[in-house]
Amino acid sequence: MKVEKILLSHGGGGEETLALIKNFFLKYFDNPILGNLEDSAIILNSFSKLAFTIDGFTVKPIFFKGGNIGKIAVTGTINDLVVMGAKPLYLTVGFIIEEGFKIGDLEVILQTMKEEAIKNGVTIVAGDTKIVPKGEVDGIFITTAGIGEILYEGISCKNLVSEDLIILSGSIGEHGACILAEREGIGVEIDLESDCNSLFSLVEPLFESRLEIHAMRDPTRGGLSATLHEWAYASSVVILVEEEKIPVKPQVRAFCEAFGFEPYHLACEGRVVIALPEKEASKALALIRKHPLGREAQIIGKVIKKSSFPQVLLKTLYGTHRILENTSGELFPRIC
Amino acid sequence: MKSLNSLNLIWNNFKDPQRVKFLVKLIKKEIESLGKSLNLMEFCGGHTHVILKYGIDELLKDYVNFVHGPGCPVCVIALERVDLALELAKKPEILLCSYGDLMRVPGSKGHTLVSLRAEGYSIKAVSSSLETLKVAKEFPEKKIIFFAIGFETTAPHTAVLIKEAYKNKIDNLFVISNHILAVKVLDFLLKSEKKPFVEAIIGPGHVSTITGSKIYESIVKEHNIPIVISGFEPLDLLQAIYLIVKQKRENRCEVEVQYTRSVTKEGNPKAQALLEEVFIIRDRFPWRGFGDIPFSAYGINSKYEILDAEKRFPLDISKLEENPHCLCAKVIKGIKKPTDCKLFKKICTPQNPLGPCMVSSEGACLAYFKYKVGNLYV
Ligand code: SF4
């Protein structure tokens, strides 16, 4: 009998569980390490510094324009490794699935994860699945942990100094706008795809170039504004960015106009912000712009001074200055 | 599903930097020929936020001094009314509903609706008056009180709720009206002894959609002060300021409407009829910063008395002192700026607000906190 829906028995640990693992998870993720189906994966110690991270993904809707929860679960963790200067190597994946979830949908998610992993040269080496009764999770939640090898040491949000320039790799807010547009109470048609993408190939040339990089971040939850604030606080500096220089797609701007958001607060899932000394900026910008994901990269601002009152300021299109508000309060639930 | 294409038009028409720069130049030129800078009051808290967000005050520095007005409905709610909401919410049989902005306004003992809710009292934030109908259905064992706040803008929504509840004989839903009248407070402010120096007024956009521009005519005459009703985009405000400056240059003193896409002279007759049917004008009503203002608020008409929570659940709320360090009472009147307050940004922040002006999305203190780059900080 062909199984079409996830059943509670799939999580029982017996026959059905094994069938689910063999017929579906291994079908997509099989490799010599995972295929052993041991309690943990044995990986080679590379005698280098490692980066290690974990992230949970609960995005709603599960399928959105430009991706799905599986894609974001792989790229999200990869990106967390990348912005610490690491080359991602191994992932582990945990699924929490609601009873009744369609197997067909699960397969689409697994396929995307596989493709994204291959594209980035990472191996999924261990996994876990739990099935919970209907209503106890909303469809499917995924957690991924990742290990990467440090290629470039010393990147930190505490490293910003006066005169550093800030580079942004592309237009902001597309992922956030895409997800919010489908939300209950908003529900608009928006001609836009999520920017969800892994960043390794975009920044690898930067690591190789050995240019001096101070900080690097993917502006996910809280958007560009949250990233800049984290930097300002961690490094005790005042950062000034210019509205004119920050790429925002017209659809995102229209969406923000209509619903009272600011693009600076909307999440990106495939953009990177980099702080580096002025002397390195033009070389770095040229390297980033060579990559398809970085064509629209811009220098959007600079660190204006060290200060015990860390702030992020925005020069508006009218030439006036205001505080760029940090994201607070109405946190948008489940954008990643 | 709506299309967003037309929204780019909004941006071009109301935010375009080229047009902004052009208008700013024009206004400055006119003011130069006037020979002196202008003191303008923007009545509406929504306008205050637009001015600070886009730095219109900075663009017109040395030409226009903006005095922030009392048009922030949450800010002007008197402390005793906040206490009333808090006391009602503490009664076990009651579930209190109100708009989100009120939830974090501290009462005289420092409690807020949010802090009471955390203690387990039944309190709900709603985003529309009619949502309370659903709440009433969902919690039949509770007495639901809608604590209604706002100027003429939101009063019609409350009126619709009252009529619906009455018609459908919903017996566990009650309303407290704190709806207040914009012209009355403006008139009272201009008559009061301690008032800011103001030479013209940027009139409220949303309120006027309901009332029409005609209600300001008596004020303009009596106080000899121009009023121009403005929309809420940067270019709206600059156009309104330009119209004011022109009146000054031509020695005119009139009510003018810049926000013609929403406001007419007569206003919205349907909404006005609704207000007249459901509400009566109270003899007096307490306002923060002003004390009692005669004929300045709506109470519920006796026909709908059975829904009037003030009659059903009478409470004696004693008048308590406001936090003496919070300058809200003066900020509301335009006598002080948020930055004059010693607590501003140091102790009083949006996360820990000490007065309503830091809570409300239309409050002046919040606008300064969110947008204003202080000298100290750069
Ligand atoms: S800063 Fe806070 S305490 Fe001071 S006037 Fe404003 S709300 Fe009141």
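So that the names make sense, note that chain A is the first sequence line, chain B the second, and so on, each numbered from 1. Nothing here was measured: the structure is a model prediction, and the numbers come from that model. No hydrogens, no waters, no symmetry mates; every other heavy atom, side chains included, goes into these values.
Within the 6.0 Å centre-distance limit, the rings of B/Phe232 and B/His206 are counted as a close aromatic pair. Residues A/His175 and A/Phe64 place their aromatic rings such that the two centres sit under 6.0 Å apart.
For B/Pro234, the part sitting under 4.5 Å from any heavy atom of chain A is the side chain, from C-beta outward, and nothing else. Only the side chain of B/Lys21 comes within contact range of chain A, with heavy atoms under 4.5 Å apart.
The most heavy-atom pairs under 4.5 Å with chain A, out of B/Phe369, B/Tyr54, B/Tyr371, come from B/Tyr371.
For the pair A/Glu325 and B/Lys370, the salt-bridge criterion is met [side-chain N within less than 4.0 Å of a carboxylate O]. Using a 4.0 Å cut-off between charged side-chain N and carboxylate O, B/Glu58 and B/Lys372 make no salt bridge.
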